[in-house]
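The structure appears below as C-alpha cells.
Here is how names work: the chains are called A, B, and so on, in the same order as the sequence lines, proteins then strands, and each is numbered from 1.
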Amino acid sequence: MEIRLKGWDRKIIVDTGITFAELLEKNFPHLLEKVVAVKVDGQLKDLTAMVEDEGEVELVEYSNEEGKEVYWHTSSHIMAQAVIELFPQSQLAIGPAIKEGYYYDIDLPRRLVPEDLPIIEEKMREIIERDLPIKRMQMRRKEAIELFRERRQNYKIELLQEMEEDPVTLYQQGDFIDLCKGPHLPSTGRVREFKLLSLAGAYWRGDESRAMLQRIYGISFETKDELEEFLHLKEEAERRDHRRLGKELDLFSFHEEAGAGVVLYHPKGAILRRIIERYLEEEHLKRGYQMVITPHLYRGDLWRLSGHMDYYKENMFTFEKENAEYVVKPMNCPGHLLIYKTKPRSYRDLPLKFFELGTVYRYERSGVLHGLLRVRGFTQDDAHIFCAREQLREQVYECLEFAFSALKDFGFSDFQVNLSTRPERYVGSDEIWEEATEELAQALKDHAVDYTVDPGEGVFYGPKIDVKLKDAIGRLWQGPTIQADFNLPERFDITYAGKDNRPHRPVMIHRVVLAGIERFLGILIEHYGGALPLWLSPVQVVIVPIADRHVECARHLNATFLSRGWRSEVDDENQTLNMKIRRAQLQKIPFAVIIGDKEVQEGTISVRTRSGEDLRNLEKDEFITRMEKKIQQRSFDEDW
RNA sequence: GCCGACGUAGCUCAGUAGGUAGAGCAGCGCACUCGUAAUGCGCAGGUCAGGAGUUCGAGUCUCCUCGUCGGCUCCA
C-alpha cells in the first residue's frame, strides 16, 4: 500500500494492517515521540488507528493547535482518572481541551480545596508512569448506557441519551473508560509536564438551574521549559494586573461604601483619563464629529420608545419620583436621537455624526464585576452616525480607519476583527440585513483587514464589527465595535429629506473607538505594565534635588517645565538620593532629573530614565527639545 | 445571581487548641545633607468589613448582609 505524507515528496510503501504508530516506528522512528495524532483527509485520527488506503496523511505534533488539543484532552482524561481513583463515587460530566489547557467538570462527594490539587497531581503522575495504553472502542449506544449505568456515571448517561450517534466512541485507559470522540495520545505516558491550575464551580451544561459541579483546570506541555514559560507568563500577567497597579500608582480605587463596580479616580488617574479624553475630543472634531452632551437621567418613557424598557430592563437602574419612572441612562443613543429630531434634516446634513463622552450606568450581576474591566458605571467614547444607506460602507470604512489609528497612537498594533451576522431574533427585512452585512464586509475589505465571520452573532438590530486588540503579552481584549442599526431610526421615526424632497429613513451607526474608557484604561495599564508612554504618564518628570541647597534650583526648573504644560514634580523630601530614585522608578515616572552641586554650577542637568539609563551633563535646552518632541509624537519608545 | 475562597493598621501579611491583637513598608518627629533602586533612631496608628448569635469569654465557632478574588452564567 502506498501512503502519501503531507510535506514529503516521496511516497511510502507500507504493509496493510499496520497502525500509524507502527508506520512511524518503521519509517520515522525519531518522530514517534513527537507526533500526537494524524490527520487523514482533514480528519484527526489516533496513532493507534489502522492505516488505510486513503488520502494524504498529515503528522500532527504538539506544536500544532490541533496537536495541543489532543494532548490536553488526554491530560484531562488522566486528571479525571486520578480523581476517580481518589474519590470513587465521583461522577464525571465533561472534560474538554480549551484554548489554554483543559478542564474536567466533576460531581464530587466533597468540596475540593486547593490543597487537593497536589494530591490529584501526584495520582496523575502515577497514572502517567503506568503508561497505560489508550484504546479506542466503539459500541452500541444502548450498551454504552448500560456500561455507564454500572459505573454510576449519570451525566454520561444523560449525554448518551441525547446523542444521535450510534454506535458511539469510548476511550479506555486501564480501568478508566470515558465517552469521547477523541482522538487521544496512544498512552498515558505521553503526557510529560502538567500542572493543575485552579478550582471553580461550573453548572452542568452551563445551565444555572442545574447542578453545580466542580471544575478543575489544568495545563500540560511536552517539556519543562514550556511549562515554566507558561507559569512565568502567568506571573507576568499578575505583575501587570491593573488592580494592583492602580493601587500602587495611586490611580483609582473602589469602595465598599460606594458600592461595587463604580470607580473613584485619584488625581493621577483623573489626569490620565483626561489626557485620553482630550485626545478623543480632538480626534473626533478633526474628523467632522460634533460634540453633544446629554443627561444622565431620563423619564422612563424615552426608554419605552427606544425599546430598552422591554429588552434591557434587567440592566437598567430605574427609580420613581412624583409618580414618574426614571432611568439612569445605560446608553447614549436615545439622547442623540432626540437631538436629531429637533429639526428637519436634509440629505445635505448627512452623514451627521454626534459624539459624546457619555457616562452610562448598567446593572451588572455582582459576580461579573472585575476591576476596571467590568464595571457598572463607565464612560464611552460614543458616537452615532446618521447616514443614508448608500453612505454606510464609506462611514464604516472611516470608523475603522479612526479606530485603528487611535489604537496605534496608544501603542496597539495587533488586532483581530470579527464580523457578526444576523442572529435568530432580529428586526428589519432580510434584504436590508444582507445589504448592510455586505457593506460592512466591503468596508473591511477596502481596509484590507483580515476578519472572521461570526454567523448569527450580530445584535438583533443590525450586523456589527468587533475589533479585539492584542496586548504586550499576547492577550486579546475587546476594543472598538461598529454596529449598524435599522431599529432605532424606525422607532424614533427619524427621517431626512432626500434630493427627491421626500422623507427617507437614515441608517444609524453606533460606534465606539476605545469603547469604555474605564476598560480601556485597564487594558492600557496592563499593556504597559503601568509604565505608560511619556505623553500619557500622570507624572512625566520628577526633579530630584540631592541636598536641601539644591531645592531652590529644582523648584525653578520645575516652574519652567510646568509652564510648558508638562506634568512635573519636585521630590524635595528629606531623603537620600537613592531613595528618591527608587521612588521614581517604582512610580514608573519616565524621567528623573537630578540636581546637585555640579548641575547648579554648570547649569546642566542629569537625567535618570525609567529604563535605567543615566545621562549626565545634559543641556537643559536639549532635554526640553527632546521631551517636547517625544510628547508631541506620542512616542512610546523607552530609549532616550 | 450561582459555586468556592477570602476580608486583621494607609499597603503587604502573621495571629498557635476561642483567653480581649503583631511585623515590615508607608505616615509623623528628630538627627543625617547624601551623586543614580531602601540612612538611622523614636513615635503614633486597629470597635479584627458590618450586624446578630453561641460562650464566663469570639479576630478565631454559627447565621445574615456588604465587598473582594477565581470560575459559571450573563454581556445591546
Side-chain angles (χ1 to χ4, degrees), chain A residues 103 105 108 110-116 197-217 238 241 243-244 247-248 250 253-262 306-308 310-316 330-333 360 362-371 373-374 376 380 382 420 423 425 457-462 464 478 481 483 485 487-488 510 512 516 519 544-551 572-587 592-599 606-610 612-616:
Chain A
Y103 67 79
D105 284 347
L108 279 137
R110 74 158 169 89
R111 288 281 149 212
L112 291 178
V113 291
E115 291 72 47
D116 288 319
L197 300 170
S198 61
L199 291 167
Y203 300 109
W204 169 230
R205 316 203 110 174
D207 181 344
E208 54 184 316
S209 68
R210 308 205 56 177
M212 177 64 75
L213 308 168
Q214 299 194 68
R215 176 172 296 181
I216 310 172
Y217 284 95
E238 205 167 307
D241 192 316
R243 293 167 298 187
R244 166 209 288 270
K247 219 179 257 180
E248 286 175 2
D250 197 13
S253 56
F254 295 91
H255 299 264
E256 191 172 330
E257 40 295 53
V262 291
S306 70
H308 289 89
D310 300 323
Y311 55 79
Y312 204 64
K313 177 122 203 193
E314 284 304 294
N315 291 285
M316 301 199 297
M331 291 186 192
N332 302 302
C333 18
V360 295
R362 298 179 185 173
Y363 168 73
E364 301 280 359
R365 299 165 109 191
S366 54
V368 307
L369 300 172
H370 182 90
L373 300 177
R374 192 77 183 268
R376 285 181 175 156
Q380 297 176 296
D382 202 3
S420 301
R425 227 177 97 243
E457 286 300 305
V459 209
F460 79 87
Y461 52 70
K464 66 167 178 177
Q478 177 61 55
T481 64
Q483 312 181 336
D485 185 350
N487 178 49
L488 284 177
H510 305 251
V512 286
R519 171 178 293 193
V544 179
I546 290 180
D548 289 349
R549 61 181 178 280
H550 310 120
V551 169
D572 55 4
E573 239 189 88
N574 189 2
Q575 263 301 349
T576 57
L577 173 64
N578 273 325
M579 191 59 188
K580 292 181 188 179
I581 296 278
R582 177 181 154 81
R583 282 205 293 229
Q585 290 288 350
L586 289 176
Q587 284 297 301
V593 170
I594 288 87
I595 303 292
D597 288 336
K598 195 157 171 278
E599 286 76 14
S606 291
V607 175
R608 158 93 184 203
T609 70
R610 182 164 59 187
E613 275 181 281
D614 180 10
L615 311 156
R616 309 273 172 133

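- Heavy atoms of Arg616(A) sit under 4.0 angstrom from at least one base atom.
- A donor N or O paired with an acceptor N or O is found under 3.5 Å between the base of G1(B) and the side-chain atoms of Tyr203(A).
- If you check A49(B), U73(B), C2(B) against the side chain of Met212(A), the one that comes closest is C2(B).
- The same atom, C1', is picked in G40(B) and in U55(B); the two are 48 Å apart, to the nearest Å.
- Residue Ser198(A) has no polar side-chain atom (N or O) positioned under 4.0 Å from OP1 or OP2 of G71(B).
- G19(B) and A23(B) are spaced 22 Å apart, taking the C1' atom of each and rounding to whole Å.
- Phosphate contact (OP1/OP2 of C25(B), side-chain N/O of Arg583(A), threshold under 4.0 Å): absent.
- Put simply, the side chain of Arg549(A) and the base of C34(B) share no donor and acceptor less than 3.5 Å apart.
- For the C1' atoms, the distance linking G50(B) with A58(B) amounts to 16 Å, nearest Å.
- If you take atom C1' in U39(B) and the same atom in U47(B), they sit 38 Å apart, rounded to whole Å.
- Remark: P of C72(B) and CH2 of Trp204(A) are 16 Å apart, rounded to the nearest angstrom.
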Point to revise | Step-by-step side-chain contact (heavy atoms from CB on, under 4.5 Å) determination, Arg549(A) to Asp597(A) | key: CA-CA 9 Å; Arg549(A) 61 181 178 280; Asp597(A) 288 336; 2.9 Å; yes
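- Residue contacts shown for Gln380(A) are absent, as no nucleic acid heavy atom lies under 4.0 Å away.
- If you measure from atom CE of Met331(A) to atom C1' of C75(B), you get 10 Å, rounded to the nearest angstrom.
- Atom NZ of Lys580(A) is separated from atom P of G35(B) by 12 Å (rounded to the nearest Å).
- Rounded to whole Å, atom C1' of A37(B) lies 16 Å from atom CD of Glu613(A).
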Practice item. Report the C-alpha separation of Ile581(A) and Ile594(A) in whole Å, then their side-chain angles, then the decisive distance to 0.1 Å, and conclude whether the side-chain contact (heavy atoms from CB on, under 4.5 Å) test is met. Key: CA-CA 9 Å; Ile581(A) 296 278; Ile594(A) 288 87; 3.8 Å; yes
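- The gap from the C1' atom of C75(B) to that of A17(B) amounts to 48 Å, rounded to the nearest Å.
- When heavy atoms are screened at a 4.0 angstrom cut-off, Tyr217(A) is found touching the sugar-phosphate backbone but no base atom.
- A 3.5 Å limit on both hydrogen-bonding distances identifies no Watson-Crick or G-U partner for U54(B).
- His255(A) has its NE2 atom 13 Å from the C1' atom of U68(B), to the nearest Å.
- Taking only side-chain atoms of Glu256(A), from C-beta outward, the nucleotide of G7(B), G71(B), U39(B) with the closest atom is G7(B).
- Set against G70(B), A26(B), C72(B), the side chain of Val368(A) has C72(B) as its closest nucleotide.
- Counting only heavy atoms from C-beta on, Leu577(A) has its side chain closest to U36(B) among C74(B), U39(B), U36(B).
- With hydrogens and angles ignored, no donor-acceptor pair under 3.5 angstrom links the side chain of Glu314(A) to the base of G1(B).
- Nucleotides C43(B) and G24(B) place their P atoms 12 Å apart, quoted to the nearest Å.
- Side-chain N or O atoms of Glu248(A) include none that pairs as donor or acceptor with a backbone N or O of Arg243(A) at under 3.5 Å.
- The same atom, P, is picked in A14(B) and in A9(B); the two are 12 Å apart, to the nearest Å.
- Base pairing of G29(B): its partner is C41(B), meeting the Watson-Crick or G-U wobble criterion (both donor-acceptor distances under 3.5 Å).
- For Arg608(A) against A37(B), a side-chain-to-base donor-acceptor contact under 3.5 Å is present.
- The residue Leu586(A) sits close to a base: some heavy atom pair falls under 4.0 Å.
- Using a 4.0 Å heavy-atom distance criterion, Asn578(A) is classed as a sugar-phosphate-only contact.
- Using the Watson-Crick or G-U wobble rule with both distances under 3.5 Å, G46(B) pairs with nothing in any strand shown.
- With both pairing distances under 3.5 Å, C6(B) is matched to G67(B) as a Watson-Crick or G-U wobble pair.
- At a threshold of 4.0 angstrom between heavy atoms, the contacts of Gly371(A) are confined to the sugar-phosphate backbone, with no base atom among them.
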Check your understanding: Hey, mind stepping through Arg362(A) and Met331(A) against side-chain contact (heavy atoms from CB on, under 4.5 Å) and telling me if it holds?
Key -> CA-CA 9 Å; Arg362(A) 298 179 185 173; Met331(A) 291 186 192; 3.7 Å; yes
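- If you find the closest nucleotide of RNA chain B to Ser606(A) and to His370(A), the one lying nearer the 5' end belongs to Ser606(A).
- The partner of U60(B) cannot be assigned: no Watson-Crick or G-U wobble pair with both contacts below 3.5 Å exists in any strand.
- When both pairing distances are held under 3.5 Å, U12(B) makes a Watson-Crick or G-U pair with A23(B).
- Taking atom CZ on Arg376(A) and atom P on C66(B), their separation rounds to 10 Å, with Å as the unit.
- For the pair Arg608(A)/Val544(A), no side-chain contact is recorded, criterion being any heavy-atom separation below 4.5 Å from C-beta on.
- Residue Asp597(A) is classed as a base contact, given a heavy-atom separation below 4.0 Å to a base.
- Note on Gln214(A): every side-chain N or O is 4.0 Å or more away from OP1 and OP2 of G4(B).
- Of the possible polar contacts, one joining the Arg519(A) side chain to the Leu373(A) backbone as a donor-acceptor pair under 3.5 Å is found.
- As judged by a 4.0 angstrom heavy-atom cut-off over every strand, Arg215(A) is placed among residues touching the sugar-phosphate backbone only.
- When side chains are defined from C-beta on, Arg376(A) counts as touching Ser366(A), because their heavy atoms get closer than 4.5 Å.
- Counting distance only, with no hydrogens placed and no angle test, the side-chain atoms of Arg582(A) and the base atoms of U36(B) include no donor-acceptor pair under 3.5 Å.
- U36(B): no Watson-Crick or G-U partner with both key distances under 3.5 Å is found in any strand.
- Residue Lys247(A) is classed as a sugar-phosphate contact, given heavy-atom separations below 4.0 Å to backbone atoms only.
- The side chain of Gln585(A) lies closest to A37(B), out of A37(B), G70(B), C72(B).
- Nucleotides U20(B) and C48(B), compared at atom P, are 15 Å apart to the nearest Å.
- The CD atom of Gln575(A) sits 12 Å away from the C1' atom of G27(B) (whole-angstrom rounding).
- Partner assigned to C72(B) is G1(B), using Watson-Crick or G-U wobble distances below 3.5 angstrom.
- For the pair Asp116(A) CG and G4(B) C1', the computed distance is 12 Å after rounding to whole Å.
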